[in-house]
Amino acid sequence: MCGIIGYIGKKQALPVLIKGLRRLEYRGYDSAGVAILETDQNKTVIKRIRAVGRIDNLADKIKDEKFVGHVGIAHTRWATHGGVTEENAHPHFGCDDRLAIVHNGIIENYREIKEMLGNSHTYKTETDTEILAHLIESYYQGDLRLAIEKALSFVRGTYALVAIHSDHPDMVVAARLGSPLVVGVNSVDDNDEYFVASDASPILAYTKKVIFLDDNEVLEISNGKMNTFNLKDEIVQKNIEEIEWDESEAQKQGFPHFMLKEIFDQPRVFVDAIRGRYDLKNGISFLGGLNMTEEEMHSINKIILIACGTASYAGMVGKYAFERLAEISTTVEVSSEFRYSDPIVDNKTLVFVLSQSGETADTLAALREAKRKGAFVRGIVNVIGSSIARETDGGTYIHAGPELAVASTKAYTNTVAVLLLYALQFGRLKRTSLVTGERMLKAMLEIPEKMSKILAQSDKIKAIALKYKDCKNMMFIGRGINYPVALEGALKLKEISYIHADAFPGGELKHGHIALLSEDFPIFAIMTKDQLYDKMRSNVEEIKARKAPIILIATEGDESAKNLSEDIIFVPETLELLEPLLNSVALQLFAYHTAVLLGRDVDRPRNLAKSVTVE
Ligand code: M6R
C-alpha cells in the first residue's frame with residue numbers, strides 16, 4: 001500500500017528520498033514520484049518527477065536532471081482512485097505548482113470537495129489526493145499548517161499526508177488520520193534533520209529516535225524545529241521513542257529473497273516470541289500485556305480472534321488451543337466481516353486483534369467496533385508502535401522482526417506461538433494441569449530445532465515443487481488443527497505462484513470437491529500423527545483411488561505413508577497443538593520454490609500490498 005518518505009535537513013534530499021522509496025517497496029506499489037524544493041537565486045520552486053512502475057524507472061528519469069535541495073517528499077503509489085499513470089502518481093500539486101502533497105489513504109468525500117471548490121480549479125488527475133491538494137490551496141493565505149488544518153477539518157476518510165510549499169523553503173507539514181506516519185529525529189553536527197515516513201524502515205539507516213504521529217495530529221517542521229498540533233491548533237507534547245530494530249535486520253542477509261530469509265528466520269525469532277513469557281517449573285505462561293486481573297480472566301466466557309488473511313489462519317489455530325486448554329468458546333472472525341456484522345460482544349468477551357503490520361484498515365476498524373461494544377480488546381502485533389498496538393488496551397508483540405516479503409511467514413508462526421501461550425495462561429487458570437502445561441512448554445522449546453530440520457529439507461521440497469510447478473490447480477486438505485494449516489498453505493501458494501489453490505477439511509471432500517480430482521489435479525494432504533490421523537489417511541486413500549497425484553506432509557517414522565505417495569515431506573513429531581508451527585514451514589518452502597521456479601516476483605507478487613491500509 002502507498003508509502004511516504006519526506007526529508008528536511010542539511011543533506012541533499014534526493015538520495016535520501018530515493019533510498020527511502022526503495023525501503024518502502026515491500027509495501028507494494030505501481031508508480032512512484034518525488035518533489036524537491038529547489039532554491040536558485042532566492043527563488044524557490046518545486047521540482048517534481050514521477051514514473052510508472054519500479055523505483056528504478058524513477059531513478060532513471062532523474063539521472064539526467066539537476067535536483068538540488070534539502071527538503072523534499074516522495075511516494076510509492078498503490079492505485080485506488082484512477083488508473084496506474086504518471087499523471088496519477090504522487091506528489092500532487094494544486095493549480096499553481098507551489099504546493100505539493102503526498103498522501104496515503106482515501107478521501108471519501110472528494111467529489112463533494114470538488115463540487116465545493118467549483119470551477120475555479122483545474123484538475124489534471126483522477127485522484128482523490130489531487131482534490132485534497134486543491135482544497136489546501138484554497139485555504140492557503142501564507143500559513144501552510146493552518147491551511148492544512150482547515151482543509152482536514154472538512155475531509156472525511158483517512159490520510160497520512162506530507163506537504164511542502166515553495167513559499168516555505170525550510171518547512172515540511174505532515175498530518176495523520178487512520179494511516180500511519182513515523183517521524184525520525186536525528187542530530188548531525190548540532191543540526192537536527194527529520195524524516196517523515198509511513199513506517200520506520202526508511203528511517204532506520206539514519207536514526208532510531210522517532211515519534212509516532214497520532215490520529216488528528218498535524219506536525220510542522222521548520223527552521224530545525226518540530227511541533228505537533230491538534231486540529232484545534234493547540235500544541236501536543238510528543239515523546240521521542242527508541243526503535244529496537246536495526247537496519248541490517250531489514251536486509252536480505254545473503255538470501256535471494258526476503259521471503260526465504262524470513263522463512264529461515266523462524267527458529268530464531270520463535271525463541272524471541274516466547275522468551276521470558278513462561279515458567280517451565282510451574283507449567284505456566286504469563287503475558288503481562290494481557291492487563292487483566294485473575295477475576296477478570298475468570299469472567300471471560302467468549303474469545304473472539306479478529307484478523308485478515310494469514311493472521312486469521314493463525315487465529316484458527318488459536319481457537320483450537322483456547323477451546324482445548326481453557327474451555328472457552330472461541331470464534332475467529334475475518335475483520336472485514338466483523339466490522340459489518342452485528343457481533344454479540346459484551347464485557348465478558350475478550351477480543352484478540354491479530355496483525356503483522358498493525359495497520360490493516362479492516363482490522364483496525366473491527367478493533368474499534370469491539371471496543372465500542374465494551375469487550376476487553378488486546379492486540380497481537382508485530383510492528384512496534386503501529387496503530388493497532390497503540391489503540392488496544394494491552395497485548396503482546398510477537399517479536400518476529402521486520403517482515404518485508406508480502407507473503408507472511410514468520411509473523412504467522414510467531415502469532416501462533418503467542419496464541420498458544422495465551423491459551424495456556426487461561427488454561428492453567430481453568431482446567432489445564434501442571435503436567436500438561438509443563439509438557440506443552442517443553443514441546444515448544446523443542447520447536448526451533450524441529451523447524452531447522454524442516455528447513456534442512458529445502459532442496460528436497462524444491463524437487464517436489466519442480467515436479468508440480470506447471471499444474472493449474474492444487475487442493476490442500478487437512479483435518480482438525482491442520483485444516484487452518486491447509487488454508488494457509490493454499491493462500492501462500494496462490495499469492496506468490498498465481499497457481500489456483502483451495503483448501504478444505506479432508507472430511508468435506510466427498511461432499512463435492514472430490515468431483516474435481518483427476519490425474520492433473522494434485523492434492524497436498526497434511527497427514528501428520530494427530531488424533532484424526534486415521535480419518536485423514538482414509539481421505540488420502542480415497543484420493544489415491546481416483547488417481548490424483550498426492551503430496552504428503554507426514555510424521556517422521558510413518559513408513560506406511562510411502563504406500564500413498566512418493567512425494568512426502570517428513571516432519572518431526574510434536575504435540576498436536578504445535579503441529580501447525582512445523583507443518584506450515586514445509587508449506588511455505590513449497591510455495592516459495594514453486595514461485596521461484598515459475599519466475600515470479602516472490603517478494604512483491606502482483607496486485608498485493610504488504611500493509612493493506614485501505615478498506
Ligand atoms: O498485517 P496483517 O497481518 O494485518 O495483514 C493481514 C493480511 O493482509 C496478510 O496476512 C496477507 O494475507 C498476506 N499477504 C498473507 O501472506
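All of these numbers come straight from a predicted model, not from anything done at the bench. As the structure lists them, so they are numbered: ligands from 1, and atoms in each ligand from 1.
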**Prompt:** Measuring from each atom of ligand 1, which residues have a heavy atom under 4.0 Å away?
**Reply:** C308, G309, T310, A311, S355, Q356, S357, T360, V406, A407, S408, L491, K492, E495
**Request:** Taking the six-membered ring for Trp and the single ring otherwise, decide whether the centroids of F590 and F524 are under 6.0 Å apart.
**Result:** yes
**Prompt:** Closest approach of E217 and F212, non-hydrogen atoms and distance?
**Reply:** OE1-O, 4.5 Å
**Asked** What pairs with N216 under side-chain hydrogen bond (donor to acceptor under 3.5 Å, both in side chains), at least two apart in sequence or on another chain?
**Response** none
**Asked** So, do Y320 and Y483 have ring centers that fall under 6.0 Å from each other?
**Response** no
**Message:** Quick check on the 6.0 Å ring-centre criterion: do Y278 and F286 meet it?
**Reply:** no
**Prompt:** Nearest 0.5 Å, what's the CD1-CZ distance between I300 and F322?
**Reply:** 10.5 Å
